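Structure first, then comments.
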2 protein chains.
Amino acid sequence: MSSAHSSSINNPASSATGSQSATSSPTFSPLYQQIKALITQSLQSGEWRPGELIPSEIELANRFKVSQGTVRKAIDELSAENLVVRRQGKGTFVATHHEARAQFRFLRLKPDVGEAQYPDNNIVEAKRLRAPADIARQLDIKTGDSVYFIKRVQSFGEAPTILEELWLPGVIFKGLSVERVLEYKGPMYALLETEFGIQMIRAVENIRAVLADTSASGLLAVELNTPLLSVNRVSFTYGDKAVEVRRSLYVTNHHHYQNELS
Amino acid sequence: MSSAHSSSINNPASSATGSQSATSSPTFSPLYQQIKALITQSLQSGEWRPGELIPSEIELANRFKVSQGTVRKAIDELSAENLVVRRQGKGTFVATHHEARAQFRFLRLKPDVGEAQYPDNNIVEAKRLRAPADIARQLDIKTGDSVYFIKRVQSFGEAPTILEELWLPGVIFKGLSVERVLEYKGPMYALLETEFGIQMIRAVENIRAVLADTSASGLLAVELNTPLLSVNRVSFTYGDKAVEVRRSLYVTNHHHYQNELS
DNA sequence: CAGTGGTCTAGACCACTCC
DNA sequence: GAGTGGTCTAGACCACTGG
């Protein structure tokens with residue numbers, strides 16, 4: 001017995017050769033799913049930080065007392081969900097929003113011609129306020145709870161193209177400095193990751209067509225009643241916890257929202 | 001030697017135990033990728049038809065002279081790409097558009113309240129004509145080549161919600177009967193699958209916001225200049241061959257286009 | 001060169017479906 | 001019970017990265 005990290009896995013027969021695994025106990029799930037859950041916990045707890053190398057498959061197999069193949073299958077799924085990134089010969093790394101690759105995972109707006117690029121940010125407004133009912137519902141908090149509100153315009157070159165409002169739960173992002181936000185020019189998710197250790201894992205977008213009102217037409221430099229793409233996004237971190245509501249208006253005269261169906 | 005199906009796999013050492021595989025020959029790819037390609041060929045050729053059971057993993061392993069694990073990994077990927085569907089205890093089946101499950105793979109429009117449902121079709125127009133330049137480019141055919149053109153309105157309950165135009169290459173869907181289309185009420189992809197053995201595997205949608213013109217406002221029963229979601233879809237079959245252009249207008253007053261980012 | 005993930009095999013047992 | 005996909009193991013070798 002090498003002691004230390006044994007970790008309670010639902011795996012009665014830790015015996016010797018071949019068999020073991022998967023009895024039909026009340027709460028059964030495959031071993032690799034349990035391993036996956038344990039690794040996810042370590043990711044969530046910050047045992048390994050974004051961008052860092054996680055232990056090798058062999059090391060994890062030893063730690064959890066399972067075969068390398070089982071760890072591999074667990075990591076395969078985490079990789080498919082973009083929680084980690086595998087690099088042959090180097091190791092497996094915790095996914096991070098601080099990478100060019102990651103920027104476009106949550107930005108589907110592409111220019112009609114030319115290469116995709118990341119837009120410039122311009123903060124219009126940033127403040128704390130009390131959550132309106134609809135926002136609170138989407139964030140799974142109570143109406144009137146403290147939220148951060150950020151309004152910004154994103155531009156490609158000289159053309160303002162995205163007008164968006166972000167709502168972030170005050171409890172989770174406690175201490176978010178308005179000044180910090182105002183001076184920050186990079187991707188918001190990268191900032192939230194480094195400042196609060198909160199990672200956006202998944203998001204759901206509801207899309208409609210709307211008309212530009214006075215405010216939008218002014219900020220986006222388009223005529224009143226220009227058709228705009230309205231994108232209502234709710235973003236989730238580990239454990240399917242909602243941590244952002246983002247309401248965006250896209251000018252789609254020279255850009256389009258691209259989606260792959262498969 | 002049990003003769004019959006040996007099938008030329010890039011696998012020099014078909015020797016006995018363990019090793020073999022993966023020499024660094026000019027055109028190298030992993031064994032399971034080669035197996036995947038062979039299975040895909042059989043799917044494409046119609047050796048196994050949509051909805052049918054394909055041979056078991058063990059049978060395929062014997063046929064291709066590889067281990068079951070290798071076949072498994074090949075099928076895993078085909079399953080992830082929705083080309084086949086695995087059913088424990090029963091077998092692996094060729095995916096088909098004749099299933100409730102499959103309907104919503106290519107229809108992301110969801111009602112704001114209530115369960116998703118499949119709309120009723122109303123054909124407005126169906127005819128053969130010569131491909132305009134932009135359609136031809138997207139279908140990878142020549143301007144003026146014969147195409148089928150179908151215009152239809154789809155309604156949820158009493159509310160017309162989708163106005164769309166479909167272009168299908170004449171060469172591929174030769175003999176598509178206008179009468180057949182006019183009387184057909186189900187999903188178009190199911191019809192094309194059964195009538196021509198062509199399966200839609202993947203699609204790319206480019207989305208913008210536009211204003212309803214006179215024609216659209218009439219057919220969709222909305223006011224002139226109502227904002228509409230414009231969805232330009234190109235669909236692909238095996239071998240990434242474009243086989244449909246579909247230009248849709250969605251009324252998003254009581255529905256929204258839902259997209260999951262991950 | 002050692003260490004990592006990637007591929008491949010062989011064999012075992014489990015869970016599910018159908019006869 | 002027989003057959004299918006699903007899980008798990010153990011061990012081998014390959015491809016890639018870096019010191």
Side-chain angles (χ1 to χ4, degrees), chain A residues 9-37 39 48 52-62 64-80 84-94, chain B residues 9-37 39 48 52-62 64-80 84-94:
Chain A
I9 294 179
N10 175 15
N11 192 356
S14 279
S15 58
T17 45
S19 65
Q20 82 176 110
S21 84
T23 60
S24 52
S25 50
T27 55
F28 159 74
S29 82
L31 239 193
Y32 77 88
Q33 288 287 2
Q34 300 174 43
I35 303 301
K36 182 185 169 188
I39 296 175
W48 316 306
E52 281 183 10
L53 188 63
I54 77 171
S56 74
E57 294 176 353
I58 292 175
E59 199 171 331
L60 290 171
N62 293 336
F64 298 131
K65 309 289 183 214
V66 299
S67 78
Q68 186 184 355
T70 300
V71 170
R72 166 163 286 274
K73 182 145 190 185
I75 295 181
D76 275 347
E77 291 204 352
L78 293 173
S79 174
V84 300
V85 177
R86 321 186 78 141
R87 288 195 235 272
Q88 185 177 91
K90 300 171 85 170
T92 301
F93 298 79
V94 183
Chain B
I9 294 179
N10 175 15
N11 192 357
S14 278
S15 59
T17 45
S19 63
Q20 81 175 111
S21 83
T23 60
S24 51
S25 49
T27 56
F28 160 76
S29 84
L31 240 192
Y32 77 87
Q33 288 287 2
Q34 301 173 43
I35 302 300
K36 181 184 169 189
I39 296 174
W48 315 307
E52 281 182 10
L53 189 62
I54 76 171
S56 74
E57 294 175 354
I58 292 175
E59 201 172 332
L60 290 171
N62 292 336
F64 297 131
K65 307 293 182 210
V66 299
S67 78
Q68 186 184 357
T70 300
V71 169
R72 166 163 285 273
K73 182 146 190 183
I75 295 180
D76 276 347
E77 291 203 351
L78 293 172
S79 174
V84 301
V85 176
R86 320 186 79 142
R87 287 197 235 272
Q88 186 176 90
K90 300 172 87 170
T92 302
F93 298 80
V94 183

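Note that these values count all heavy atoms, side chains included, but never hydrogens, waters or copies made by symmetry. The model shown is predicted, which means the values in this text are computed figures rather than measured ones. Throughout, a chain's letter reflects where its sequence line sits, starting with A, and its residues are numbered from 1.
- Distance, A/Gln34 CD to D/dC8 C1': 12 Å, rounded to whole Å.
- A/Arg86 and A/Arg72 get closest at one heavy-atom pair: NH1-O, 3.8 Å.
- Here the shortest heavy-atom pairing between A/Ala74 and A/Tyr32 reads CB-O, 3.4 Å.
- Where A/Gln33 and B/Glu57 each meet DNA chain D at their nearest nucleotide, the meeting point lying more 5' is that of B/Glu57.
- Positionally, the nearest nucleotide of DNA chain D for B/Arg72 lies more toward the 5' end than for the other of A/Val71 and B/Arg72.
- Rounding to the nearest 0.5 Å gives a distance of 11.0 Å between CZ of B/Phe64 and CG of B/Leu31.
- How far CG of B/Asn62 is from CD of B/Gln68: 9.5 Å, rounded to the nearest 0.5 Å.
- Scanning for side chain to side chain contact (heavy atoms under 4.5 Å, CB included) contacts around A/Leu53 gives A/Phe93, with sequence neighbours left out.
- For the pair A/Phe64 CZ and D/dT9 C1', the interatomic distance rounds to 17 Å; values are reported in whole Å.
- In terms of phosphate contacts, B/Lys73 brings a side-chain nitrogen or oxygen within less than 4.0 Å of OP1 or OP2 of C/dT7.
- In this entry the distance linking CG of A/Asn62 with P of C/dT4 reads 11 Å, nearest Å.
- To the nearest 0.5 Å, the span separating CD1 on A/Ile35 from CG on A/Leu60 amounts to 8.5 Å.
- Residues forming a side chain to side chain contact (heavy atoms under 4.5 Å, CB included) with A/Val84 (at least two apart in sequence, or on another chain): A/Leu43, A/Ile75, A/Leu78, A/Ser79, A/Thr92.
- Rounded to whole Å, the distance from CD on B/Glu77 to P on C/dT7 is 8 Å.
- The separation between B/Leu53 atom CG and C/dC18 atom C1' is 13 Å, rounded to whole Å.
- Taking atom CD on B/Gln68 and atom C1' on D/dG3, their separation rounds to 12 Å, with Å as the unit.
- Taking only side-chain nitrogens and oxygens, B/Ser56 never comes nearer than 4.0 Å to OP1 or OP2 of D/dG3.
- Contact check of residues 84-92 of chain A against DNA chain C (heavy atom, cut-off under 4.0 Å) returns A/Arg86, A/Arg87, A/Gln88, A/Gly89, A/Lys90, A/Gly91, A/Thr92.
- The separation between B/Ile58 atom CD1 and D/dG6 atom C1' is 12 Å, rounded to whole Å.
- In this structure, NZ of A/Lys65 is placed 18 Å from P of D/dC8, rounded to the nearest angstrom.
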